[in-house]
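Atoms within each ligand, like the ligands themselves, are counted from 1 in listed order. Note that the coordinates shown come from a computational prediction; the quantities given were computed from them, not determined experimentally. When reading the values below, keep in mind they use all heavy atoms of this one structure, side chains included, and skip hydrogens, waters and symmetry mates. One-based numbering along the sequence shown.
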Amino acid sequence: MNETLQVIASRRSIRKYKPEQIVGEEMQRIMDAAIFAPSARNQQKWHFTVVQNKEIIDKMARIIQSNALNSGEGHAARFMSTPGFHVFFHAPTVVLISHITGGHFIEVDCGMAAQNILLAAEALGIGSCVIGFSRFLLISQEGIDLLRELGMPEGYSHLCAIALGYPDGTHPSMPPRNRDVINYIK
Ligand SMILES: Cc1cc2nc3c(=O)[nH]c(=O)nc-3n(C[C@H](O)[C@H](O)[C@H](O)COP(=O)(O)O)c2cc1C
């Protein structure tokens, strides 16, 4: 199979990581891929914080867990109350994705950048998982303050995070895909 298509097909959400940090040059290539993504009118009103500090990652995980448990959202609370649950699965790197508040198509732009991160990581043998639960950082002042401290610019909102690291364990198989969502009109 074509190499690019192979990378797309083999990428899976990884939820177990080795503690070793991602090599600096590989991390740079992954973040280059992020900013090579297309964006509406090439505005690039996104922002990325690459967190590679275990204490800060654990602090974010604690805030997310506590906010989610207090949110009354049953689905999130069920995950968070699993014994030993860590929202970033102890990944050594977490990329926080933020964007200018209220831009047209800006979440699409960030999604494009996020997918480039996942595919570049996969191409380098690095595992990844999008973490939408990071949105719980936004529902407490402590979480917002932390995002600002970590460099999220004024006037920007946090969208999601990506956990990254070398995978530990066997490669997961692909969760079922619904193929009945495509219409071909010829
Ligand atoms: C926007 C978005 C948010 C997600 N949030 C989470 C999350 O918070 N925690 C998690 O374990 N997986 C999360 N995922 C991963 C999905 O569960 C996963 O992509 C899906 O089950 C398909 O599996 P695959 O990525 O291995 O193909 C998220 C994926 C997306 C696109």
Side-chain angles (χ1 to χ4, degrees), residues 1 4-18 30 33-34 37-39 46-51 56-99 103 105-140 143 146-147 152 156-182:
M1 200 198 284
T4 305
L5 296 179
Q6 182 59 48
V7 166
I8 291 171
S10 63
R11 181 215 56 80
R12 293 277 67 78
S13 291
I14 299 300
R15 298 186 173 90
K16 194 163 183 234
Y17 297 92
K18 293 182 176 158
I30 291 170
S39 64
W46 46 40
H47 185 269
F48 308 94
T49 298
V50 181
V51 186
I56 296 173
I57 291 173
D58 288 347
K59 181 174 179 183
M60 291 193 295
R62 274 197 305 277
I63 296 172
I64 290 166
Q65 190 159 14
S66 147
N67 288 354
L69 285 170
N70 291 330
S71 70
E73 288 188 35
H75 167 76
R78 263 193 305 283
F79 268 98
M80 304 293 162
S81 48
T82 309
F85 182 76
H86 188 284
V87 71
F88 300 118
F89 306 106
H90 302 286
T93 295
V94 172
V95 178
L96 301 169
I97 303 183
S98 305
H99 60 75
F105 288 115
I106 191 66
E107 292 197 5
V108 177
D109 299 346
C110 288
M112 303 260 165
Q115 181 71 345
N116 272 13
I117 290 174
L118 307 190
L119 295 180
E122 176 68 21
L124 294 168
I126 293 165
S128 64
C129 188
V130 180
I131 306 295
F133 281 144
S134 67
R135 69 191 163 86
F136 285 106
L137 282 170
L138 287 169
I139 62 168
S140 71
L146 182 57
L147 285 165
M152 184 175 79
Y156 276 55
S157 310
H158 174 69
L159 180 64
C160 66
I162 300 179
L164 289 165
Y166 299 108
D168 192 8
T170 51
H171 195 68
S173 51
M174 181 160 74
R177 284 332 200 229
N178 178 12
R179 293 193 177 270
D180 188 25
V181 291
I182 307 167

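With Gly111, Ala161, Ser134, Gly132 as candidates, the residue nearest to atom 8 (O) of ligand 1 on a non-hydrogen basis is Gly132. The residue among Arg177, Met174, His171, Arg15 with a heavy atom at the shortest distance from atom 27 (O) of ligand 1 is Arg177. In the candidate list Val130, Leu118, Ile131, Val130 is nearest to atom 2 (C) of ligand 1, counting heavy atoms.
Among protein heavy atoms, atom 20 (C) of ligand 1 sits closest to Ser13 OG, 4.6 Å. Counting protein heavy atoms only, atom 23 (O) of ligand 1 is closest to Pro175 CG, 3.4 Å.
Using 4.0 Å as the threshold, Cys160 has no heavy atom nearer than that to any atom of ligand 1.
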| request: Verify side chain to side chain contact (heavy atoms under 4.5 Å, CB included) between Ile131 and Phe89, making sure each step is shown before the conclusion. | output: CA-CA 10 Å; Ile131 306 295; Phe89 306 106; 3.8 Å; yes

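Within 6.0 Å of atom CZ in Phe105, 12 or fewer heavy atoms from other residues, nucleotides or ligands are found, so the atom counts as exposed in its surroundings.
Ring orientation note: the planes of Phe48 and Trp46 are tilted relative to one another, at an angle of 30° to 60°. By the 30° and 60° cut-offs, the orientation of the rings of His75 relative to Phe133 is tilted.
Side-chain contact between Ile64 and Met80 is present, with heavy atoms from C-beta onward closer than 4.5 Å. For the pair His158/Ser134, a side-chain contact is recorded, criterion being any heavy-atom separation below 4.5 Å from C-beta on. Between Glu122 and Ile8, every side-chain heavy-atom pair lies at or beyond the 4.5 Å cut-off.
Close contacts between ligand 1 and Cys129 involve ligand atoms 10 (C), 11 (O), 12 (N) [criterion: under 4.0 Å to a heavy atom]. Counting atoms of ligand 1 from 1 in the listed order, those under 4.0 Å from a heavy atom of Phe89 are 11 (O).
In this structure, atom 29 (C) of ligand 1 has protein heavy atoms in its sub-4.0 angstrom surroundings.
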